[in-house]
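Notes follow once the structure below has been shown.
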Amino acid sequence: MSAPVRPVLLVVAHGSRDPRHAATVHALVRRVRALRPDVRVETGFLDFNVPSVQGVLESLETEGVRDVVALPLLLTRAFHAKADIPAVLAAAPPRLRIRQAEVLGPSPLLLSALERRLYEAGLTPADKSSTGVVLASAGSSDPEAIAVIAEIAREWRHTGWCAVRPAFASASLPRTEDAVRQLRELGCARVAVAPYVLAPGFLPDRIARGAAGADVLADVLGPAPEVARVLLERYDAARVPALVAVGA
């Protein structure tokens, strides 16, 4: 008896006019493919970049694919995960069985990826107790998403940092520069900014400008191996048949 065909993993990215965004998404997808060569992984964008999510779904249906796990390349469950992506999936070809996976965050693996980026930027584990960290997110008008970022900051503080403060590049306060100043006033010997974003673009650039007064600015999460592992965890959870399928 042959093994059942695994659902196609469709990574749903936001898209950006900044070419660094798509390049980073593709680098992450390549790492996912390398980790799980038994899984077919495709990429679709909601806006600005090609291929579009709708175009990928139509191509898969034409090929005869029937099962798809659509994975939002998002760190928090805000408007795109709650409205935009379900709307696009609802308009997919009717013969496709599509399950929408959970967003990537929160996850202990993402905290590990954040620390990886801070250490790559020059910190060491010995610096933790004297370093304040700004957890700099893109921001959202969704209270649930903001609450999740604040909770991640609280949890991360308990791993040994001097202090951790959340900050937002848009929609919410405080801004990165305000959080940097707060940590200085708190007495942390050094201040580091950890962008809690997946790819470069307009808002990550705003975070970087706000980090001008910090001692260390980490890179975006990008294709960190921990991020790729979270993608596959979400895929494996979503392909369980008991989950409700979009359009089933």
Side-chain angles (χ1 to χ4, degrees), residues 24 28 31 35 73-78 102-140 142-170 172-200 203-234 237:
T24 302
L28 174 59
R31 188 178 286 275
L35 286 173
L73 198 60
L74 301 168
L75 294 172
T76 56
R77 200 176 130 70
E102 290 296 326
V103 298
L104 303 184
S107 167
L109 283 170
L110 294 178
L111 285 181
S112 297
L114 287 166
E115 295 205 355
R116 170 189 292 275
R117 293 301 188 225
L118 286 169
Y119 297 150
E120 289 170 350
L123 293 179
T124 70
D127 296 323
K128 290 185 77 167
S129 62
S130 58
T131 301
V133 178
V134 178
L135 179 68
S137 138
S140 173
D142 188 307
E144 178 188 348
I146 297 305
V148 167
I149 298 298
E151 179 60 27
I152 292 170
R154 282 192 291 270
E155 289 182 8
W156 203 15
R157 162 68 181 85
H158 294 314
T159 66
W161 297 100
C162 172
V164 179
R165 293 285 187 274
F168 307 94
S170 68
S172 307
L173 295 174
R175 294 286 183 259
T176 302
E177 53 269 33
D178 300 324
V180 169
R181 185 171 56 254
Q182 291 169 8
L183 291 171
R184 293 282 188 213
E185 293 170 353
L186 193 63
C188 297
R190 67 181 62 77
V191 175
V193 174
Y196 190 60
V197 292
L198 287 165
L203 294 178
D205 284 350
R206 180 179 287 177
I207 290 171
R209 290 192 297 272
D215 302 293
V216 173
L217 170 62
D219 199 358
V220 299
L221 294 172
E226 296 87 354
V227 178
R229 288 168 58 196
V230 176
L231 261 73
L232 289 168
E233 283 186 356
R234 298 294 184 256

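A side-chain donor-acceptor contact under 3.5 Å links Arg190 and Ser130.
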Evaluation steps, side chain to side chain contact (heavy atoms under 4.5 Å, CB included), between Thr159 and Lys128: CA-CA 9 Å; Thr159 66; Lys128 290 185 77 167; 3.5 Å; yes

Side chain to side chain contact (heavy atoms under 4.5 Å, CB included) between Val133 and Leu118, worked out: CA-CA 9 Å; Val133 178; Leu118 286 169; 4.3 Å; yes

Chi angles and distances behind the side chain to side chain contact (heavy atoms under 4.5 Å, CB included) call for Val193, Val180: CA-CA 8 Å; Val193 174; Val180 169; 3.8 Å; yes

Test side chain to side chain contact (heavy atoms under 4.5 Å, CB included) applied to Thr76 and Val103, step by step: CA-CA 6 Å; Thr76 56; Val103 298; 5.7 Å; no

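Taking both residues in full, the closest heavy atoms of Leu186 and Ala163 are given as CD2-CB, 3.5 Å, listed atom of the first, atom of the second, then distance. Ser172 and Ser140 get closest at one heavy-atom pair: OG-O, 2.8 Å. The minimum heavy-atom distance linking Pro166 with Pro174 is given by the pair O-CG, 3.4 Å. Summarising the geometry of Leu28 relative to Ala224, their closest heavy-atom pair is CD1-O, 4.5 Å, with the distance given to 0.1 Å. The minimum heavy-atom distance between Leu135 and Ala153, with the atom names listed, is CD2-N, 3.9 Å. Across all non-hydrogen atoms, the minimal contact from Thr24 to Leu198 is CG2-O, 3.6 Å.
Considering CZ of Arg165 and SG of Cys188, their distance stands at 7.5 Å, rounded to 0.5 Å. Atom CG of Leu114 is separated from atom CG of Leu109 by 11.0 Å, given to the nearest 0.5 angstrom. Note that the CG atom of Leu123 and the CG atom of Asp127 stand 5.0 Å from one another [nearest 0.5 Å]. Separating the OG atom in Ser107 from the CG atom in Leu75 is a distance of 10.0 Å, to the nearest 0.5 Å. The distance from the CD1 atom of Ile152 to the OG atom of Ser137 is 8.5 Å, given to the nearest 0.5 Å. Separating the CD1 atom in Ile146 from the CG atom in Leu173 is a distance of 9.5 Å, to the nearest 0.5 Å.
Salt bridge absent: Glu226 and Arg229 never bring a charged side-chain N and a carboxylate O closer than 4.0 Å. Arg181 has a carboxylate O that lies under 4.0 Å from a charged side-chain N of Asp178, or vice versa, which qualifies the two as a salt bridge.
Here salt bridge (charged side-chain N to carboxylate O under 4.0 Å, His left out) pairs that include residues 209-223, with residues two or more places apart or in two chains, are Arg184-Asp215.
Listed for the Arg157 side chain is a donor-acceptor partner under 3.5 Å among the backbone atoms of Trp161. Arg117 places a side-chain N or O within 3.5 Å of a backbone atom of Val220 that can act as its donor or acceptor partner. For the pair Arg175 (side chain) and Phe168 (backbone), a donor-acceptor distance under 3.5 Å is present.
Counting heavy atoms from C-beta on, the side chains of Arg31 and Pro225 come closer than 4.5 Å. Side-chain contact between Leu74 and Leu104: absent, with no pair of heavy atoms (C-beta onward) separated by less than 4.5 Å. Counting heavy atoms from C-beta on, the side chains of Val197 and Leu221 never come closer than 4.5 Å.
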